Undergrad: 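Can you keep this structure in mind? I'll have questions shortly.
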There are 2 protein chains.
Amino acid sequence: MSGALKDAIRVERPAKTLRELALDKVREAIVNGYFRPGDRLVERDLCAQLGVSRTVVREVLRHLESEGLVANLPNKGPIVAQLDIEEAKQIYEIRGALEGMAARLCAERRSPEIVAALEESLAGIRNSYRDNDMSAVLTNTSAFYHTLFTMVDRNVAWGVVNLLTVRINHLRSMTIKTERRGIEGPLQMSKIVDAIRRGDGEGAYRAAMDHVAAASAIAEAVLSAKQPAD
Amino acid sequence: MSGALKDAIRVERPAKTLRELALDKVREAIVNGYFRPGDRLVERDLCAQLGVSRTVVREVLRHLESEGLVANLPNKGPIVAQLDIEEAKQIYEIRGALEGMAARLCAERRSPEIVAALEESLAGIRNSYRDNDMSAVLTNTSAFYHTLFTMVDRNVAWGVVNLLTVRINHLRSMTIKTERRGIEGPLQMSKIVDAIRRGDGEGAYRAAMDHVAAASAIAEAVLSAKQPAD
DNA sequence: AATCGTATTATGGCGTACCAGATACTGTAG
DNA sequence: CTACAGTATCTGGTACGCCATAATACGATT
């Protein structure tokens with residue numbers, strides 16, 4: 001009996017601890033704007049809202065702090081981290097470097113499976129745009145990059161990108177809604193796929209960089225238009 | 001009275017919470033090998049050793065978990081994370097991409113101050129090698145890259161690199177002791193500085209990549225020689 | 001003797017209560 | 001109306017207790 005079969009009969013437990021559930025809930029609440037940047041996160045309030053003890057809440061807050069989603073003011077307590085424009089640009093830049101690297105590796109591998117998987121995610125994005133389902137756009141975009149990284153076994157880099165991405169998630173949801181992004185975004189991504197298909201590592205690298213550069217530019221515009229009013 | 005003066009008389013508190021102190025202690029203990037990979041980290045034992053309460057210990061463990069230094073086995077508890085060779089290679093690769101990026105930016109800026117600061121760190125590294133002070137080599141190498149990133153205001157990327165670096169720290173201390181590394185390492189780094197001095201972005205990028213590639217190769221050799229015996 | 005079931009122990013997960021110190025708020029006295 | 005004192009609020013930190021689970025040891029039964 002080998003691998004696949006052994007897993008098939010495995011009895012899977014919920015396994016999720018209360019802490020992990022709470023963590024996901026709070027992270028969710030932050031990224032989709034239920035808690036706004038700058039909001040104070042009062043421990044005992046969170047206890048009540050989540051229905052868990054302070055022990056759990058504190059561990060969750062520490063975890064989110066190390067993810068960069070929560071900042072801790074000394075003697076004041078935790079607040080939802082503010083995203084300043086400079087930091088956002090840096091995050092986009094890093095994503096560009098890493099996604100470009102992954103794209104290059106994909107191109108160098110010249111595997112039809114990679115292309116097929118990417119095409120599928122891309123189709124999903126197009127459909128989601130057509131249906132105006134923005135949250136699905138985000139999910140499918142994530143899936144696209146997830147395959148880009150995992151197909152060449154770069155799970156660490158994927159982890160880094162993911163970590164950074166949650167910090168700019170509300171930016172992402174704004175850039176995505178921008179006019180013309182529904183056409184240009186998928187277009188840029190298809191350029192990545194094209195380069196990968198023809199084994200053009202340098203081209204794939206450039207295309208991936210271009211894509212996040214465009215996103216970064218939009219984000220900057222959105223953010224600098226909003227920041228002063230804040 | 002303006003800014004500078006106001007700060008001058010500011011009574012500075014330790015400001016570090018007990019939690020942060022404990023975090024540093026445990027991280028230290030893991031990084032420099034007091035706790036070995038695979039060791040169990042029993043909460044109540046740590047309480048005794050650190051002299052703090054379980055709450056604090058648990059928060060510290062959560063934090064280290066999200067840093068990747070500690071892994072949590074379900075129904076078993078936390079252990080010191082094992083570093084497998086594949087992961088180490090990926091970490092080196094990411095560092096290459098980011099440090100290359102930073103080096104290119106430094107070169108493009110063409111600032112004498114950057115060159116001076118880098119030269120200083122480099123001299124520190126050479127001296128430390130000469131004095132056979134390996135821990136100083138590590139510190140100075142960190143300083144070198146720290147200036148590389150912060151001189152062009154890339155503190156987020158620096159944070160990422162730092163985060164990843166602690167996970168391979170014991171590898172670093174092994175690669176550094178390798179024969180000839182005391183000559184080749186600084187040589188490669190001086191190539192980075194040279195390229196920056198003459199404003200050669202592409203050259204700086206390549207030199208930085210080469211440097212971590214060399215480190216990665218050594219690490220792989222060291223690790224694959226040790227892994228089976230483990 | 002081998003196996004099966006049970007008791008014990010170790011440990012993590014989680015909750016509660018409490019205290020100290022800092023900060024923000026509020027009401028009162030001058 | 002202002003200054004000051006008192007109070008409420010909140011985090012940081014500690015101690016302790018309970019429960020669930022996993023592993024181990026031990027004893028009984030076949």
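In the text below, chain A, chain B and the rest are named by the order of the sequence lines, each starting its count at 1. In this text, all values refer to a predicted model and were calculated from it rather than measured experimentally.
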Undergrad: If I take atom NE2 in residue B:H63 and atom P in nucleotide D:dG12, what distance separates them, rounded to the nearest angstrom?
TA: 14 Å
Undergrad: Given atom CZ of B:R40 and atom P of C:dA10, what is their separation to the nearest angstrom?
TA: 12 Å
Undergrad: Measure CD/A:E43 against P/D:dG13 and give the value in whole Å, please.
TA: 10 Å
Undergrad: Identify which one of A:D133, A:N140, A:T139 satisfies the side chain to side chain donor-acceptor pair (under 3.5 Å) criterion when paired with A:S128.
TA: A:N140
Undergrad: Any side-chain N or O of A:N72 below 4.0 angstrom from OP1/OP2 of D:dG12?
TA: yes
Undergrad: Mind checking side-chain contact (heavy atoms from CB on, under 4.5 Å) for B:A102 and listing every partner two or more places apart, or none if nothing turns up?
TA: B:L148, B:F149
Undergrad: Between CZ of B:R62 and CZ of A:R62, what distance do you get to the nearest 0.5 Å?
TA: 12.5 Å
Undergrad: Pull out every protein N or O sitting under 3.5 Å from an N or O of nucleotides 14-17 of chain C, one pair per line with the distance.
TA:
residue	atom	partner	partner atom	Å
C:dC14	OP1	A:L18	N	2.5
C:dC14	N4	B:R54	NH1	3.4
C:dG15	OP2	A:S53	N	2.8
C:dG15	OP2	A:S53	OG	2.8
C:dG15	N7	A:T55	OG1	3.1

Undergrad: Applying the side-chain contact (heavy atoms from CB on, under 4.5 Å) test to B:L61, which of B:V56, B:L69, B:L41 qualifies?
TA: B:L41
Undergrad: Write down the distance between CG (B:L46) and P (C:dT11), rounded to a whole number of angstrom.
TA: 11 Å
Undergrad: When the distance from CG of A:L73 to P of D:dC10 is rounded to whole Å, what number comes out?
TA: 15 Å
Undergrad: Quick one: does any side-chain atom of A:E20 pair with a main-chain N or O of A:T17 as donor and acceptor, under 3.5 Å?
TA: yes
Undergrad: Quick one: does B:T150's side chain have a donor or acceptor within less than 3.5 Å of a partner on B:D153's backbone?
TA: no
Undergrad: Could you state the CG-C1' distance from A:N75 to C:dA24, rounded to the nearest angstrom?
TA: 13 Å
Undergrad: Would you mind reading off the distance between A:L61 atom CG and D:dG12 atom C1', rounded to a whole angstrom?
TA: 13 Å
